[in-house]
Amino acid sequence: AQSVAQPEDQVNVAEGNPLTVKCTYSVSGNPYLFWYVQYPNRGLQFLLKYITGDNLVKGSYGFEAEFNKSQTSFHLKKPSALVSDSALYFCAVRPPGGGYNKLIFGAGTRLAVHP
Amino acid sequence: DGGITQSPKYLFRKEGQNVTLSCEQNLNHDAMYWYRQDPGQGLRLIYYSQIVNDFQKGDIAEGYSVSREKKESFPLTVTSAQKNPTAFYLCASSAGPRETQYFGPGTRLLVL
């Protein structure tokens, strides 16, 4: 079955330190990969996506993500965390082919950045 | 969130009542989607529409209904058949079937 795993329910980081939020997927072929962020009681905001090309993708608010095909991973990273980065982060995968824009979401990882 | 509005922000449903959640977009997107979010779970697709006057069931369509009479609007009705409707409902749209989905601010549905 196709799935997305975010192995950490919560990630704690000190402000100014680098952060990583992990995502692995189980989808055959070459999927599209996405990261979204959600602040409390808000909708999801698009951060970045990988379709093809360079394995390091840069997105909004200084975030970037590294695609690793052999490990089927798409980890979200930021060199220096801010307290305002504290939010819920979702990884999503769009399987190749198919008749519509189906996204498979991970369960989410809560990022807490401490001053 | 920009370009996609959802109303109301909070909605209360009584037992046996149908309620309708509004979703409007001014992005000129062809495709629209409804998701349900429960605590500790990822988003689950309820219904989607790739074009006006056409829509398809997603993974958890039972107890829900939709319409797509206008390109900019995709209302979701939570019927009395949905026995566990308490959740955060998110509407999304995309320019085309393979394009990035953008989300509205959500509606929280609570049962009285």
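Bear in mind that the values here come from a model prediction, so they are computed numbers and not experimental data. Keep in mind that the numbers below use all heavy atoms, side chains included, and drop hydrogens, waters and symmetry copies. Throughout, a chain's letter reflects where its sequence line sits, starting with A, and its residues are numbered from 1.
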Bottom line for Y36(A): the part with an atom under 4.5 Å from chain B's heavy atoms is side chain
Shortest non-hydrogen pair, A107(A) vs G40(B), comes out as CB-O, 3.7 Å
Joint cluster assignment, W34(B) & F55(B), ILVMFWY side-chain distance < 4.5 Å
yes
Within one Ile-Leu-Val-Met-Phe-Trp-Tyr cluster: V11(A) and F74(A), side-chain cutoff 4.5 Å = yes
Filtered by a 4.5 Å non-hydrogen cutoff, the part of residues 87-94 of chain B contacting chain A is F88(B), L90(B), S94(B)
Under 4.5 Å to a heavy atom of chain A? For Q6(B) that would be neither
With heavy-atom distances below 4.5 Å as the criterion, would you say the side chains of L45(B) and F105(A) are in contact? no
Bottom line for D9(A): the part with an atom under 4.5 Å from chain B's heavy atoms is neither
d(K9(B) NZ, N41(A) CG) to nearest 0.5 Å is 6.5 Å
Is there a path from Y89(A) to V13(A) through hydrophobic residues (I, L, V, M, F, W, Y) whose side chains come within less than 4.5 Å of each other? yes
Bottom line for L88(A): the part with an atom under 4.5 Å from chain B's heavy atoms is side chain
Rounded to the nearest 0.5 Å, the NZ atom of K49(A) sits from the CD atom of E99(B) at a distance of 5.5 Å
Exercise. Mind checking whether L76(A) and F46(A) sit in one hydrophobic cluster, side chains of I, L, V, M, F, W, Y counted as touching below 4.5 Å?
Worked result: no
Within a radius of less than 6.0 Å around CD of E62(B), do more than 12 heavy atoms belonging to other residues, nucleotides or ligands occur? no
(message) Does atom CD1 (I51(B)) have a neighbourhood of more than 12 heavy atoms from anything else shown, all under 6.0 Å?
(response) no
Do Y35(B) and L103(A) come close enough that some side-chain heavy atom pair is under 4.5 Å? yes
Does L43(B) share a hydrophobic cluster with Y32(A), counting links as ILVMFWY side-chain heavy atoms below 4.5 Å and allowing steps through other members? yes
task = Decide if atom OH of Y61(A) counts as having more than 12 heavy atoms of other residues, nucleotides or ligands within a radius under 6.0 Å.
result = no
> Is the number of heavy atoms from other residues, nucleotides or ligands under 6.0 Å of R110(A) CZ greater than 12?
Replying inline: no
Heavy atoms of K102(A) and D59(B) approach each other most closely as NZ-OD2, 3.1 Å
Whatever's closer than 4.5 Å to a heavy atom in chain B on Q38(A) counts as side chain
